[in-house]
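To start, the structure itself, in structure tokens.
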Number of protein chains: 2
Amino acid sequence: MDKDRYRQAVRLFGLLSHPVRLRIVDELRRGEVCVCHLQAVLKRPQPYISQQLRVLREAGVIEGHRQGLYVYYRLIDEQVEKLLLETLGPAGEPIPLPLCACPRCHGEAESLSLPSGSVATEVR
Amino acid sequence: MDKDRYRQAVRLFGLLSHPVRLRIVDELRRGEVCVCHLQAVLKRPQPYISQQLRVLREAGVIEGHRQGLYVYYRLIDEQVEKLLLETLGPAGEPIPLPLCACPRCHGEAESLSLPSGSVATEVR
DNA sequence: TCGCTATATGCATTCAATTGCATATAGTAC
DNA sequence: GTACTATATGCAATTGAATGCATATAGCGA
């Protein structure tokens with residue numbers, strides 16, 4: 001069916017036509033980050049961020065895996081990546097945030113590798 | 001300002017995240033068509049089509065010029081064209097419609113050129 | 001002028017997305 | 001087990017977009 005192509009495109013554009021969601025995927029194309037990181041960047045309440053992450057996750061655009069207390073999300077849809085490239089230009093550099101509490105962000109070298117005993121599990 | 005890039009992108013995606021508007025711009029990238037043509041293709045009431053055309057026109061995505069009773073619209077935003085190419089693939093062939101009343105559509109050869117005395121005027 | 005057609009506009013209503021917030025869950029450390 | 005942190009979920013309230021429709025305007029021909 002040809003109508004599906006339209007529906008699919010409308011759905012995709014709809015996901016990106018939202019200021020917070022757009023900024024989330026733009027942040028995510030720089031690399032994997034945790035929720036608290038996005039919270040710090042977007043300056044929005046945590047439940048609000050989580051809700052938008054859910055929308056993107058259920059649409060199959062992003063994927064998250066838990067690592068201890070933290071959940072790290074990344075972009076898994078290359079079409080979205082192309083659309084961002086076209087509209088926003090190339091992705092910026094990843095920025096470690098002092099505002100973010102997670103080990104990856106406050107720059108402790110050893111915390112960049114998996115702590116022994118912890119296992120990365122998919123979020124769904 | 002960097003925020004403007006986001007705003008601009010959100011605006012663009014918003015325009016395309018609408019089934020009727022998306023189909024209009026997809027139709028328009030095949031070539032210039034009149035309003036009645038879009039009416040026939042989309043099977044929607046004329047005021048409804050005109051409203052969506054206005055949204056696209058005021059956003060600077062399309063442009064219309066009047067030719068006698070008929071107004072012909074065309075796509076003038078190449079970024080939109082690229083986004084459509086990415087999401088919908090290449091544009092289809094232009095299709096003349098028997099359902100459409102305008103001279104261009106019911107295939108009278110001489111009507112494809114401007115009738116003497118008529119002047120193309122911009123719509124705004 | 002009037003009558004007709006194509007297109008545009010204004011406005012009220014309906015509907016869906018957005019947002020805020022309270023609370024639930026998952027995991028860690030003790 | 002309890003206490004604490006990060007993240008997720010559910011739901012009500014609100015806002016804004018989408019839609020329908022009546023009417024206005026523009027141009028043509030008689």
Side-chain angles (χ1 to χ4, degrees), chain A residues 10-11 13-22 24 33-40 42-59 62 64-73 99-106 111 115-124, chain B residues 10-11 13-24 33-40 42-59 62 64-73 99-106 111 114-124:
Chain A
V10 165
R11 203 182 115 277
F13 287 134
L15 289 170
L16 300 177
S17 68
H18 183 289
V20 169
R21 285 197 299 266
L22 182 66
I24 288 178
V33 296
C34 61
V35 179
C36 49
H37 191 106
L38 296 170
Q39 235 178 295
L42 300 175
K43 300 187 192 86
R44 298 275 187 154
Q46 174 273 319
Y48 183 69
I49 302 283
S50 267
Q51 279 179 104
Q52 301 304 340
L53 285 171
R54 164 150 75 157
V55 173
L56 292 168
R57 182 167 15 96
E58 289 181 345
I62 67 176
H65 66 274
R66 182 178 279 270
Q67 199 167 300
L69 273 182
Y70 304 91
V71 175
Y72 294 90
Y73 280 95
L99 303 115
C100 174
C102 87
R104 291 201 185 180
C105 277
H106 54 253
S111 59
S116 58
S118 64
V119 183
T121 51
E122 286 300 313
V123 172
R124 196 123 269 288
Chain B
V10 165
R11 203 182 114 277
F13 288 134
L15 289 170
L16 300 177
S17 68
H18 184 288
V20 169
R21 285 198 299 266
L22 182 65
R23 296 217 46 192
I24 287 178
V33 296
C34 61
V35 179
C36 50
H37 190 106
L38 295 171
Q39 234 177 296
L42 300 175
K43 302 186 190 87
R44 299 275 186 152
Q46 174 272 321
Y48 183 70
I49 301 284
S50 266
Q51 278 178 104
Q52 302 304 339
L53 286 171
R54 164 151 74 158
V55 173
L56 292 168
R57 181 167 16 95
E58 289 180 346
I62 66 175
H65 65 273
R66 181 176 282 271
Q67 199 166 301
L69 273 183
Y70 303 90
V71 175
Y72 294 90
Y73 280 95
L99 303 114
C100 173
C102 86
R104 291 202 187 178
C105 278
H106 55 253
S111 59
L114 287 175
S116 59
S118 63
V119 184
T121 51
E122 287 300 313
V123 172
R124 198 117 279 279

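Residue numbers start from 1 in every chain, and the chains themselves are labelled A, B, ... in the order their sequence lines are given, proteins ahead of strands. It should be emphasised that the depicted structure is a prediction, and the values quoted were computed from it without experimental measurement.
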Nearest-Å distance, [atom1] ([X]) to [atom2] ([N])?
X: A/Gln67; N: C/dG27; atom1: CD; atom2: P; answer: 13 Å
X: A/Arg66; N: C/dT25; atom1: CZ; atom2: P; answer: 13 Å
X: A/His37; N: D/dT7; atom1: NE2; atom2: C1'; answer: 16 Å
X: B/Gln39; N: C/dA8; atom1: CD; atom2: P; answer: 10 Å
X: B/Glu58; N: C/dG10; atom1: CD; atom2: C1'; answer: 13 Å
X: B/His65; N: C/dA8; atom1: NE2; atom2: P; answer: 12 Å
X: A/Leu53; N: D/dA6; atom1: CG; atom2: P; answer: 16 Å
X: A/Tyr72; N: D/dT7; atom1: OH; atom2: P; answer: 8 Å

Subject >> OH on A/Tyr73 to CZ on A/Arg66, rounded to 0.5 Å >> reply: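 Going from the CZ atom of A/Arg66 to the OH atom of A/Tyr73 covers 9.0 Å.
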
Subject >> Straight-line distance of B/Leu69 CG to B/Cys34 SG, nearest 0.5 Å >> reply: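 Going from CG on B/Leu69 over to SG on B/Cys34, the span is 11.0 Å.
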
Quick one: closest heavy-atom pair of [X] and [Y], and the distance?
X: B/Ile24; Y: B/Leu53; value: CG2-CD2, 3.9 Å
X: B/Leu22; Y: B/Leu16; value: CB-O, 3.7 Å
X: A/Arg44; Y: A/Gln39; value: O-CG, 3.5 Å
X: B/Gly14; Y: A/Ser17; value: N-CB, 3.3 Å
X: A/Ala59; Y: A/Leu15; value: CB-CD1, 3.5 Å

Closest approach to the side chain of [X], judged atom by atom: which nucleotide of [options] is it?
X: B/Arg44; options: D/dG20, C/dA26, D/dA26; value: D/dG20
X: A/Tyr70; options: C/dA22, D/dA6, D/dA26; value: D/dA6
X: B/Gln51; options: D/dT7, C/dG10, C/dT7; value: C/dG10
X: A/Arg54; options: C/dA8, D/dA8, D/dG10; value: D/dG10
X: A/Leu69; options: C/dT7, C/dT9, D/dA6; value: D/dA6
X: B/Pro47; options: C/dT7, C/dT9, D/dT7; value: C/dT9

What pairs of nitrogen or oxygen atoms, one from the protein and one from nucleotides 15-18 of chain D, lie under 3.5 Å apart?
{"residue": "D/dA18", "atom": "OP1", "partner": "B/Arg21", "partner atom": "NH2", "Å": "3.3"}
{"residue": "D/dA18", "atom": "OP2", "partner": "B/Arg21", "partner atom": "NH1", "Å": "3.4"}

Original post:
So do the side chains of A/Val20 and A/Tyr48 get within less than 4.5 Å of each other, counting heavy atoms only?
Top reply: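 With C-beta onward as the side chain, the pair touches.
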
Original post:
For C/dA8, does OP1 or OP2 lie under 4.0 Å from any side-chain N or O of B/Tyr73?
Top reply: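 Answer yes for this pair, as a side-chain N or O of B/Tyr73 is under 4.0 Å from OP1 or OP2.
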
**OP:** Check whether any side-chain N or O of B/Arg57 sits under 4.0 Å from OP1 or OP2 of C/dT7, and answer yes or no.
**Re:**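 No, because none of the side-chain N or O atoms of B/Arg57 sits under 4.0 Å from OP1 or OP2 of C/dT7.
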
Subject >> Whichever of B/Val35 and A/Val55 has its nearest DNA chain C nucleotide further upstream toward 5' >> reply: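 Closest to the 5' end, via its nearest nucleotide, is B/Val35.
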
Original post:
With no angle test and no hydrogens, is the base of C/dC21 tied to the side chain of A/Gln46 by a donor-acceptor pair under 3.5 Å?
Top reply: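 Answer no: no donor N or O sits under 3.5 Å from an acceptor.
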
